[in-house]
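If you're wondering where the values come from, they're calculated on a predicted model, not measured in any experiment. Computed over heavy atoms, backbone and side chain alike; hydrogens, waters and symmetry mates excluded. Below, chain A is the first sequence line, B the second, and so on; all start at residue 1.
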There are 4 protein chains.
Amino acid sequence: MIVVMHRGATQEEISHVCEHIVELGFKAHPIYGTERVVIGVIGDDHAKTEAMATLGIQPGVERVTPILKPYKRVGAEMKKERTVVNVGNAAFGAGKFAVIAGPCSVESEEQLLSTAQKVKEAGARVLRGGAFKPRTSPYAFQGLAEEGLKILAFARNETGLPFATEVVTNRDVELVARYADMLQIGARNMTNYSLLREAGATGKPVLLKRGMSATLEELLLAAEYIADEGNEQIVLCERGIRTFEPFTRNTLDLSAVPAIHMLSHLPIIVDPSHATGRSELVRSMALAAIAAEADGLIVEVHPAPEQALSDGAQSILPEAFAQLMEEGRRYLAVSGRTL
Amino acid sequence: MIVVMHRGATQEEISHVCEHIVELGFKAHPIYGTERVVIGVIGDDHAKTEAMATLGIQPGVERVTPILKPYKRVGAEMKKERTVVNVGNAAFGAGKFAVIAGPCSVESEEQLLSTAQKVKEAGARVLRGGAFKPRTSPYAFQGLAEEGLKILAFARNETGLPFATEVVTNRDVELVARYADMLQIGARNMTNYSLLREAGATGKPVLLKRGMSATLEELLLAAEYIADEGNEQIVLCERGIRTFEPFTRNTLDLSAVPAIHMLSHLPIIVDPSHATGRSELVRSMALAAIAAEADGLIVEVHPAPEQALSDGAQSILPEAFAQLMEEGRRYLAVSGRTL
Amino acid sequence: MIVVMHRGATQEEISHVCEHIVELGFKAHPIYGTERVVIGVIGDDHAKTEAMATLGIQPGVERVTPILKPYKRVGAEMKKERTVVNVGNAAFGAGKFAVIAGPCSVESEEQLLSTAQKVKEAGARVLRGGAFKPRTSPYAFQGLAEEGLKILAFARNETGLPFATEVVTNRDVELVARYADMLQIGARNMTNYSLLREAGATGKPVLLKRGMSATLEELLLAAEYIADEGNEQIVLCERGIRTFEPFTRNTLDLSAVPAIHMLSHLPIIVDPSHATGRSELVRSMALAAIAAEADGLIVEVHPAPEQALSDGAQSILPEAFAQLMEEGRRYLAVSGRTL
Amino acid sequence: MIVVMHRGATQEEISHVCEHIVELGFKAHPIYGTERVVIGVIGDDHAKTEAMATLGIQPGVERVTPILKPYKRVGAEMKKERTVVNVGNAAFGAGKFAVIAGPCSVESEEQLLSTAQKVKEAGARVLRGGAFKPRTSPYAFQGLAEEGLKILAFARNETGLPFATEVVTNRDVELVARYADMLQIGARNMTNYSLLREAGATGKPVLLKRGMSATLEELLLAAEYIADEGNEQIVLCERGIRTFEPFTRNTLDLSAVPAIHMLSHLPIIVDPSHATGRSELVRSMALAAIAAEADGLIVEVHPAPEQALSDGAQSILPEAFAQLMEEGRRYLAVSGRTL
């Protein structure tokens, strides 16, 4: 940690800060520049989170700059080999690529089963489907709840596909974990820390979506809550961030993929459906994600988007999905990967 | 609702959309323009939330434009008189102005009580203090939990000030509601809909903070979840939104105050501490909020910000708070209001 | 255009708006809904730009919604075949793909020539290099000016590569056009409309970069200024937009590629160097752009990024560029394209 | 400047960076922490702008953190007394407050003169009016050009009010400076550096608007271009930044006012008209700006906003302006200021 003093900071203020640093259990190392003084703080950086705030407001201090990343368990510095997350026979990470597909919401046995069979044929390895839907409006369809979980389990039985489904409240963690193969934490709940902890504690693989305005560092800190429960089976998901551009529902930040690969050992997949909110853009963003070396995709597929109870505008037909997978295979082959 | 057809939409597509509209229970009213067709959808707009999504992807449709606001109970259109929220002898809304003040976190009985006494003397009507802290890092101080609630209750006893405190998980709603006079839902939980519902169901006044990247419409829809539980004792809070500007922790969107007054009957207060993240900016943003006719303020005050366990950089000293209140009184007087 | 009246708008207000619409030369078509009235405005939408503003503030009007896109010449609706832009033997658009490469700034004959030879060998078809640099700080290197243009012309002579270079002020349009094969308008000047017009009037192909906070519609309207000068040889460039994420210099909005392909007949290329600001991310964003079917790339290459006078952190070495082009070829082949 | 080395940086890399620092003319001061090494760079920070980029990409370096602000002339560190900018008998800065008012565009002698007389009566000290309008669409009204300047000069003659007007291209700087009392650089041209220099070189006071996505640091660096021409008669203007919120045209960042007062000696005024884009919000944001201790306001006033050729939706009537000024006077009085 580096403490930058104001230009006119007095020797007394400098000494006071140095003493405060020592009181906090660190060593202080001042550097006298031509125009101002900066003070290096030496010691275990991970103990410094709290210290930073209090140092920053000592008299004479202009600002404090952290040196270490604030996350530990999920950081690339702490663990060199890349984590592989397994869900059924799907594997995400370290060169392994898999696709999660299915409708936004589970609407009926028939809708889900037919979709599941088709996405499986096309090459998807995990089924998705929402039983609990966090909706911006209290008047929008909120999902079939446990009935939806049962339908998902039925489809798993019929097709052999494991499934990922969202859990939106602590109240349902135990219930959802009883049925699901992978727990999804949605963008709206990325900073619902108690939910992160409880989902992590189930020991099930967790699909953690980036919050709408979360920085990559905040996404990794959210993952750290899960990892802190002893669960590193975490798949991160880039699903678009909120910007000023109105044409797309969100703005896909595809550079998050190589960035997360630099910063963390966790796999990261891409959700082109929520990122764009437009079915016409799903194909090209999915292919781009493959070329960017994402560890997987999660795609909304619906047999009749016109009648979908949620997110119809961004769902693609099973036929379009099959074609996307066909093209995806060819792009994956360029980097020596397979579906 | 207005359906805009593509320039080249065929008569068949237009008829198909009109039929779909009728099937959904509405009347269709096409207008043939010089270059394209738009179709008015007539009927109860509040039933249209779901319909919109499915209409938007019919063949030939370019886009669908809603006409009505998606919220009902909290909207200015539905209830003409302004809501007043009462917490102890504090009143927010309809010309009533009150200030909530106190430390970010409850740290000790001594810290809290001394702060409570000083903010009361200066004119605050409600005490604030966090017992459960949602922190970006799992390694940061997370609050004293029930111990903190007890300290808050003790300070209430000693000073007569009611208190507002944050609840961060459904697990604690009942516990927090047992102690607190007002439940705070933080920015990170604005889209934690089950928490909103449970907090609303307690019947206690709710202080609802705007999410970091929430639009005003989304803030009002979050409030709608609380109101849908039969609880309209809701105080909205503008606490800064996330933008590209790094100088301040967030960007205070002060125009939210008059905007909410146009759109809703609920009171809205301003949090200059979180909005700026810098104690030097708290005073001027607090005074600006008064001039913008906010219905109150929530201000972080700490007897020794240098030693605060959280948010020290944005806390002001009790003396600075007293001076701010003094100036605030004079600005309030201009619009005929009092503390 | 659709005029939405307030819920309580009086019949008099409705009539007044209808009359105003007729005065403006359009036909008014009111629809009486269950809760409010909307009025369709029929006539030549492109004459409505000005009308919109004045209709929007008539008494009783809540808001006005445009139906038509505000651009004409560059819109996909107006011209069905895709535009191909030719610069030397490079072609951009309609399935043609080409790469522009070179240093951020022209620094010396030796630096430029050696880079030019290497990027040509690797497959680039156009050389880039800044002679006039728009820099945020007046104290940063501002380019070699005409001396830089001469060096670019010399490199063209030696290698046969045409070159693109930025023009930052009307004062230099004529000078730059005398030397360059393609004029670049940078992100900072996207809304410098007189520069757009003058650059367009030279008849040279124009490379138009998206402004840091420009919507796609604004980018197309900026292109419309150039096209309005009778010049449709325009290549749009996505180079990242400004968001809250600090890890990358900007956020690459790759969905702009398929979006522009929907909205316009103009080609669009991607600049992974400025979009990310980090040389480690250039490769994967370049490959992703190819998979998203961008019509080309513009990449910063420098023989010694450590010593570059500008943007060293985002420049890649000629060897890394050659390898990128090799991989790019294989991704292009998937969609049947070549370098 | 501080250079942060990677965790695993070798002694060789550390030495190499230290040597590079010495080569650049500075002294290197390494600090060996428990987990990594940081190196202080000592010397004249203002020479370091270029150095930073090249240091940042040396092997083993993780990142480089600047210590000094990148602007000099406009910074509060360099000049302690606050700058007062005088335009006619209006003064901005150092406790002096003045209001600029008038229509968005000059439309006719009658429109301008009647507005000028009314805003003068109400207390405005400077007239505004656009003769050259930078418009997003090439098909929107672009202003009356020199004819507009003549009308402004005529109104000055009749009323005694000096005027500010925008210059949008280098081609017109000399022309506009011949007529105007204050040159306005609009948000779209804040990074048109040659225009900044030429406007500065005229010696006239310059009104510099913050770009739509400009940080405060970038705004000050733009002002630095003007100051670098020997002209410190600069009034900065906060006019809203671009965010995700659609309700307002822009988001007024009012905290820019106290922030600029911390960082710079230049005055800063607020434009509530462009910031909100809605006439209903102008009053409260103007009053809030006064309470935030802005050095002035610039307000759009039009005698018949319904018929305005530009920006009608955000213009207020002369009567509303007079009332705003009346209220403004009372808020100014609280801080001992006058109109």
So N192(D) and N189(C), side chain to side chain contact (heavy atoms under 4.5 Å, CB included) or not? Walk me through it. CA-CA 6 Å; N192(D) 183 342; N189(C) 279 306; 4.0 Å; yes
Across all chains, not counting sequence neighbours, the side-chain contact (heavy atoms from CB on, under 4.5 Å) partners of R249(D) are H274(D), D311(D), Q314(D)
So, using side-chain contact (heavy atoms from CB on, under 4.5 Å) as the criterion, who are the partners of T243(C) when residues are at least two apart? I241(A), T243(A), I241(C), E245(C), T251(C)
With a 4.5 angstrom heavy-atom cut-off, is it the side chain or the backbone of [X] that approaches chain D, or both, or neither?
X	answer
E198(C)	side chain
D228(C)	side chain
A214(C)	backbone
S315(C)	neither

I'd like to verify something: which residue of T136(C), L221(C), T169(C) has the highest number of heavy-atom pairs under 4.5 Å with chain D? T136(C)
Using a 4.5 angstrom heavy-atom cutoff, name the option from E224(C), Q142(C), M212(C) with the most pairs to chain D. E224(C)
Run the numbers on E218(C) and R242(D) for salt bridge (charged side-chain N to carboxylate O under 4.0 Å, His left out), then give the verdict. CA-CA 13 Å; E218(C) 289 166 347; R242(D) 184 157 272 185; 2.6 Å; yes
Could you walk me through whether Y225(C) and R135(D) pass the side chain to side chain contact (heavy atoms under 4.5 Å, CB included) check? CA-CA 10 Å; Y225(C) 271 96; R135(D) 301 299 296 276; 4.1 Å; yes
